[in-house]
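Reviewing the structure listed below.
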Amino acid sequence: MKILLVGNGAREHVIAETLRRSKRCSELLVFANKVNPGMEALASLYHVGNLADMKAIQAFGAEHKPDFAVLGPDNPIADGAADVLAEIGIPSVGPKKSLARLESSKGFTRALLEKYKIVGNPRFRIFKNDEGLEEFVRDLGPFVVKTDGLTGGKGVKVMGDHFSTAEEGLAYAKECLSADGQVVIEEKLTGQEFSLMSFCDGEHVVDMPPVQDHKRAYDGDLGPNTGGMGSYSSGKLLPFLTEDDLTQAHAITVAVANALRQECGEGFKGVMYGGFIAVKNGVRLIEYNARFGDPEAMNVLPLLQSDFAELCLAIVRGTLTPEMARFSDRCTVCKYAVPEGYPEKPKKGERIRIKELPEGVSAYYAAVDKKDGQIVLSSSRAMAFVGIAPTLSEAERLAQKGVECVDGPIFYRRDIGTEALIGKRVEMMKELRG
Ligand SMILES: Nc1ncnc2c1ncn2[C@@H]1O[C@H](COP(=O)(O)OP(=O)(O)O)[C@@H](O)[C@H]1O
Ligand SMILES: [Mg+2]
């Protein structure tokens with residue numbers, strides 16, 4: 001099969017690697033914004049274009065006629081890459097624009113759950129003007145303000161984290177209203193967040209192992225929010241989750257897949273990535289993304305034992321079964337090396353060197369540039385290192401050894417995947433559940 005992969009981050013690097021493990025993938029074409037040195041080495045053809053240009057993606061598809069496409073990043077998915085490819089007969093692992101509202105509009109998803117009576121929403125309201133806004137906020141107690149569109153993780157403000165008084169939160173809500181004409185206000189939930197990504201062929205939903213990401217920049221969950229500093233997984237469950245939590249999260253995704261099909265007249269084909277939070281009495285939905293997570297893809301795809309190209313083909317054909325997505329039960333830890341000063345004032349253009357990696361560690365390129373044959377920082381997350389082992393502590397040790405191989409002005413989180421941090425999460429849930 002000839003497969004087109006769209007995107008050029010670490011997520012797409014691990015997608016490329018996993019497709020390349022398949023005997024069915026004879027040609028891998030990449031359409032990217034810039035060179036990813038790891039992906040370039042895996043691709044049969046690596047094309048640097050513009051991921052925001054749907055016409056260019058379509059023209060590339062028309063020229064090379066892949067059997068199907070795998071869409072990596074949120075922006076081209078929200079902009080309709082699946083639609084322009086479908087117009088010329090190329091199916092995608094990645095939803096059409098209308099279905100991608102699951103991620104690109106937080107209001108759409110909250111309203112969808114409400115309309116189809118799916119449990120999992122916190123108390124919320126979508127405002128189109130400020131009528132009743134103040135009363136609602138006073139009534140909610142601690143609350144969260146969410147911009148409606150894709151904002152690269154910068155549109156959500158949480159009371160206690162990003163603002164401290166109701167007045168400040170209201171001021172931000174009004175800002176969103178005048179910028180977008182819509183804002184979502186919801187109750188602030190307390191608990192532990194986790195990512196449950198599921199393959200969906202429009203009808204059938206098959207889960208990947210759950211993963212926990214770490215958004216804060218510094219150890220101890222301090223500092224500004226980032227694209228994700230690292231993540232871990234531990235087989236079928238996470239240490240702070242119960243089987244019942246996972247069953248609830250799965251049921252929400254199944255119900256949402258059905259609701260989407262009814263609402264949009266066709267099914268969601270791709271990855272439904274539920275951002276869930278385990279709370280004192282069950283599971284709630286924080287948001288959906290319409291693609292693999294980055295870093296989460298690097299935790300789960302290396303564990304896939306079945307054939308990824310076959311799995312993708314089943315998604316586009318609508319013939320997905322659980323046997324097609326078999327995962328090893330091993331533990332994984334992923335740590336990102338990011339430029340000093342990231343995310344606010346990241347170093348850029350400075351050279352990094354990667355020493356020889358210890359055995360058992362995988363490395364994935366995210367946002368780096370090549371200058372005179374050298375790898376240099378490009379202001380966003382630079383490289384991710386993944387350790388895979390029978391235990392979390394061994395996986396953590398490997399990921400840590402990997403990230404220590406980077407020479408240059410970078411930093412990383414030492415604590416991701418450590419017993420100390422995971423122990424705190426387990427304790428917190430124990431206390432919450434009483
Ligand atoms: N209702 C909520 N209660 C508590 N925290 C929330 C809530 N909604 C969002 N958050 C926090 O804000 C973060 C970002 O919100 P999210 O909806 O995932 O938007 P995005 O990923 O697009 O920035 C979440 O990971 C979570 O930590
Ligand atoms: Mg999120």
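Atoms within a ligand are numbered from 1 in the order they appear, just like the ligands themselves.
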Original post:
Quick one: does Glu103 get within less than 4.0 Å of ligand 1, heavy atoms only?
Top reply: no
Original post:
Considering only heavy atoms, which of Lys154, Lys157, Lys106 lies nearest to atom 22 (O) of ligand 1?
Top reply: Lys106
**OP:** Between Asn121, Asp213, Val156, flag the one that comes closest to atom 15 (O) of ligand 1 by a heavy atom.
**Re:** Val156
Flag [X] as yes when one of its N or O atoms lies below 3.5 Å from any N or O atom of ligand 1, and as no otherwise.
X	answer
Glu187	yes
Thr151	no
Glu186	yes

**OP:** Test the Lys157-Tyr172 pair against the cation-pi criterion, namely NZ or CZ under 6.0 angstrom from the six-membered ring centroid and within 45° of the ring axis.
**Re:** yes
Subject >> Pi-cation contact, Phe240 with Arg425 (under 6.0 Å, within 45°) >> reply: no
Side chain, backbone, both or neither: the part of [X] lying under 4.0 Å from ligand 1 by heavy atom:
X	answer
Val158	side chain
Leu189	both
Glu193	side chain

May I ask you to list the atoms of ligand 1 that are less than 4.0 angstrom from any heavy atom of [X]?
X	value
Lys146	8 (N), 9 (C), 17 (O)
Lys188	3 (N), 4 (C)
Val144	1 (N), 2 (C), 3 (N), 7 (C), 8 (N)

Subject >> Close aromatic pair by centroid cut-off 6.0 Å: Phe136 and Phe124 >> reply: no
Salt-bridge criterion met for [X] and [Y] (N-O under 4.0 Å):
X	Y	value
Glu266	Arg261	no
Lys146	Asp148	no
Lys345	Glu340	no
Arg138	Glu134	yes
Asp294	Arg381	yes

For [atom], what is the closest protein heavy atom, and at what distance to 0.1 Å?
atom	answer
atom 23 (O) of ligand 1	Gly153 CA, 3.4 Å
atom 21 (O) of ligand 1	Glu287 OE2, 3.0 Å
atom 6 (C) of ligand 1	Ile286 CD1, 3.8 Å

**OP:** Return the name of the atom in Glu287, of element N, O or S, nearest to the Mg ion (ligand 2).
**Re:** OE2
Subject >> Within 6.0 Å of NZ in Lys215, more than 12 heavy atoms from elsewhere >> reply: yes
**OP:** Apply ring-ring contact (aromatic ring centres under 6.0 Å, His included) to Phe163 and Phe143, showing your working.
**Re:** CA-CA 10 Å; Phe163 63 89; Phe143 67 102; 5.1 Å; yes
